[in-house]
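Convention: sequence-line order gives letters A, B, ...; per-chain numbering from 1.
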2 protein chains.
Amino acid sequence: MATIDDVAKLAGVSKGTVSSVFSKKRPISQEVTERVLSVAKELGYFPNHVARSLAIKKTMIAGLKMPLSKDGRMSAFETQMISGVIKECSAHGYRLLLDTLPEHDDPTQFSLDPVDGVIMLNPRKDDPRIARLQQMGIPLVLVGRPDPLDDAVSFVDNNNTEAAYQVGEYLLKLGHRSVLFLNASSDMTVALDRKRGLADAYLQQGLVLAEEQILHYSRKLYASQIDYGYRSMMNTYGKMNYTAVITDTDRAAVGVLRAAREMGIAVPDRLSVIALSNDATLAQETTPRLTSVELSADKLGAEAARLLVEKMARPEVVKQTIIDAALVFRESCKSI
Amino acid sequence: MATIDDVAKLAGVSKGTVSSVFSKKRPISQEVTERVLSVAKELGYFPNHVARSLAIKKTMIAGLKMPLSKDGRMSAFETQMISGVIKECSAHGYRLLLDTLPEHDDPTQFSLDPVDGVIMLNPRKDDPRIARLQQMGIPLVLVGRPDPLDDAVSFVDNNNTEAAYQVGEYLLKLGHRSVLFLNASSDMTVALDRKRGLADAYLQQGLVLAEEQILHYSRKLYASQIDYGYRSMMNTYGKMNYTAVITDTDRAAVGVLRAAREMGIAVPDRLSVIALSNDATLAQETTPRLTSVELSADKLGAEAARLLVEKMARPEVVKQTIIDAALVFRESCKSI
DNA sequence: CTGAAAGCGCTTACAG
DNA sequence: CTGAAAGCGCTTACAG
């Protein structure tokens with residue numbers, strides 16, 4: 001590859017001049033501009049982004065740290081969150097560095113990445129990466145809240161507890177007392193939040209949530225979310241006692257609906273189904289259409305990116321944003 | 001941020017030594033290593049990835065060029081392809097730079113990106129970016145074939161024409177003559193390929209495919225793929241004459257199934273439905289389960305990444321890979 | 001095992 | 001409007 005030196009030499013100018021022709025940071029006469037451009041074209045010269053980044057200490061790249069699960073596949077949540085992040089970054093002229101590489105524990109392997117800021121998905125408890133990024137002085141926004149809470153770090157999160165509370169309150173109002181809750185994987189903080197919210201709704205009515213009717217997703221046990229819903233229904237209906245089922249994703253609800261159809265259980269007449277939704281287009285298109293709480297991952301992603309762009313401009317600001325999710329009433333729930 | 005110089009000075013060694021402690025490229029005595037590491041920790045030093053990349057001319061980053069549609073959302077295809085690319089890149093220690101920024105036509109804006117290779121989705125006809133990347137000497141793999149074909153460029157593609165041919169052949173064998181084809185958006189080369197394959201199957205039997213029964217997806221007209229399937233059925237059933245419908249995605253098929261249910265049309269007894277599938281988990285979980293051709297976008301992405309990794313090691317090799325998709329028989333088709 | 005110095009390809013005050 | 005030179009933070013022969 002030709003470098004700025006080659007161009008400067010052949011065009012008979014200094015490299016400062018060539019630099020200015022490309023960056024337009026200072027005016028260059030039309031004659032010289034044309035000469036430089038034509039030499040550049042002849043030589044197949046393109047400015048080297050890495051060299052430029054080193055000189056100006058800016059890459060116009062945002063980093064997204066997102067650990068990949070063991071099987072290497074992305075979940076629907078991750079997928080949609082990325083979609084939201086990209087859309088927003090792109091609108092602000094940033095590109096996105098997707099970093100799914102596992103962390104080493106070798107302190108020698110950390111490096112100051114080629115990014116101007118970082119979005120980090122699902123930080124772990126006492127996540128050491130948070131302190132490290134702050135030490136490096138890299139603007140950071142979390143998706144999901146830090147544990148323990150820390151008002152020096154910006155994040156966006158859903159109101160998971162509140163959303164689950166609303167679901168519980170609604171089902172109780174409809175007269176349901178016994179529910180099957182197909183919760184998220186038990187190692188996720190959202191699973192805890194949701195369980196807590198639901199339990200709170202019960203307590204509010206002086207009732208207590210039956211813990212044994214809460215199931216947890218597991219990648220080992222189920223082939224997919226749909227499978228999780230389908231087989232959980234098949235395995236428990238008739239054995240356990242419930243008049244409503246709450247699912248953690250729309251896809252699990254699709255599985256539940258299918259199982260119900262196959263067993264001849266009318267929804268919502270004999271069974272109510274309600275989803276914590278991450279895919280609004282799917283929830284609207286099942287039969288019957290799903291009553292759900294819409295937690296859109298892409299909104300989380302877009303908002304995180306917005307905060308990050310702001311923080312890259314003004315590193316000192318901290319914002320902690322809770323994205324509200326509210327119940328959307330459709331046709332899959334009924335009072336008993 | 002502390003630099004390598006700061007560490008070298010405070011530890012009383014040269015920067016070459018500090019460099020070696022972190023890169024492990026030459027042996028450093030245990031004593032010196034410990035001293036350097038402790039000073040680095042004290043100063044909060046982390047090697048600068050950009051500076052390192054400039055020196056070694058390598059970033060360990062793969063680029064993915066993928067134009068974003070007007071509304072900024074990613075399609076299911078894009079989403080899944082990314083998933084495949086990430087999985088494979090990650091397995092080889094590469095990170096992924098997602099580049100959705102639109103192209104300028106200002107020649108001054110092109111730059112030699114901070115990547116070791118590029119995967120480009122859906123190249124346009126006579127795409128100027130291809131020549132430019134080759135000129136820069138950056139390893140390139142296309143997803144979708146170049147137009148015109150060029151045996152100097154590596155790509156992966158589905159056998160779209162063949163897949164559509166198989167669908168046509170199968171439906172004709174079942175006795176269907178008149179079909180509704182919910183094709184992809186008309187500006188995509190896959191839409192042409194698929195139409196051609198289907199038409200070929202008809203010709204093979206001395207029949208001719210009714211062009212007016214081919215519909216095209218449009219982002220303007222439909223809110224989603226499911227909506228596309230649903231409304232197309234609703235608008236045409238009874239008016240047009242067909243005994244089978246072919247959809248371009250699983251989601252469109254979900255919409256078709258829903259419309260059929262609402263209109264009381266039994267599938268597959270009165271209507272056969274077959275999908276060109278990009279989401280196998282969904283196709284298996286509808287009622288009835290969808291007969292489909294499985295074109296998995298994630299396989300395309302993973303294979304593209306595999307080719308790129310190979311090409312970054314040996315830039316001179318060119319591979320053009322067609323990923324076969326074959327019919328999977330489930331329960332949504334029947335002979336008449 | 002370690003150091004001094006040149007080099008990677010840009011940008012940017014400073015001077016004219 | 002343009003040039004000469006120092007600087008961005010690393011790596012890597014070369015020499016010892």
NZ/NE/NH1/NH2 to OD/OE distance under 4.0 Å, [X] and [Y]:
| X | Y | answer |
| --- | --- | --- |
| A/D113 | B/R95 | yes |
| A/R145 | A/D193 | yes |
| A/R314 | A/E310 | no |

Sugar-phosphate, base or nothing in reach of B/F46, heavy atoms under 4.0 Å: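 It contacts sugar-phosphate atoms only.
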
Sugar-phosphate only, base, or nothing, as touched by B/Y45 at under 4.0 Å among non-hydrogen atoms: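 Sugar-phosphate, backbone atoms only, no base.
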
Any side-chain donor near an acceptor of the partner, A/T59 and A/D116, under 3.5 Å: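 Note: A/T59 and A/D116 side chains meet the donor-acceptor criterion.
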
Test item: side-chain donor near acceptor, A/T17 and A/S14, under 3.5 Å: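 Yes, side-chain donor-acceptor contact under 3.5 Å.
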
Side chain of [X] - closest among [options]:
| X | options | result |
| --- | --- | --- |
| B/L54 | C/dT2, D/dT2, D/dG9 | D/dG9 |
| B/T17 | D/dT11, C/dG3, C/dT11 | C/dG3 |
| A/V32 | C/dG9, D/dT12, D/dT2 | D/dT2 |
| A/P27 | D/dC1, D/dG9, D/dT12 | D/dC1 |
| A/A51 | C/dG9, C/dT11, D/dC1 | C/dG9 |
| A/I4 | D/dA4, C/dC10, C/dG9 | C/dC10 |
| B/V13 | C/dC10, C/dG3, D/dT12 | C/dG3 |

For a quick test of reading the model: is some side-chain N or O of [X] closer than 4.0 Å to OP1 or OP2 of [N]?
| X | N | value |
| --- | --- | --- |
| B/K15 | C/dT2 | no |
| A/S29 | D/dT2 | yes |
| A/S53 | D/dC8 | no |
| B/S14 | C/dT2 | no |

Can you name the atoms? Protein N/O to nucleotides 13-16 of chain D N/O, anything below 3.5 Å, with the distance.
none

Could you state the atom-to-atom distance from [atom1] of [X] to [atom2] of [N] in whole Å?
| X | N | atom1 | atom2 | value |
| --- | --- | --- | --- | --- |
| A/N48 | C/dC10 | CG | P | 5 Å |
| B/R52 | D/dC8 | CZ | C1' | 17 Å |
| A/E31 | D/dC1 | CD | C1' | 11 Å |
| A/E34 | D/dT2 | CD | P | 12 Å |
| B/I28 | D/dT12 | CD1 | P | 13 Å |
| A/D113 | D/dC10 | CG | C1' | 15 Å |
| A/M1 | C/dG7 | CE | P | 20 Å |
| A/H49 | C/dT11 | NE2 | P | 11 Å |

Report yes if the side chains of [X] and [Y] come closer than 4.5 Å at any heavy-atom pair, otherwise no.
| X | Y | answer |
| --- | --- | --- |
| B/K65 | B/I119 | no |
| A/V50 | A/P114 | no |
| B/V143 | B/D157 | no |

Residue whose nearest DNA chain C nucleotide is more 5′ - B/G12 or B/K57: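 The residue closer to the strand's 5' end, by nearest nucleotide, is B/G12.
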
Candidate pair B/Y45 and B/F22, rule ring pair (Phe, Tyr, Trp, His ring centres under 6.0 Å), full reasoning: CA-CA 11 Å; B/Y45 167 76; B/F22 282 89; 5.3 Å; yes

C1' gap between C/dT12 and C/dG16, integer Å: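 Straight-line distance between the two C1' atoms is 16 Å.
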
Any strand: nucleotide that pairs with C/dA4 via Watson-Crick or wobble, under 3.5 Å: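 Result: none.
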
Identified pairing partner of C/dA13, criterion: Watson-Crick or G-U wobble below 3.5 Å: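 No nucleotide pairs with C/dA13.
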
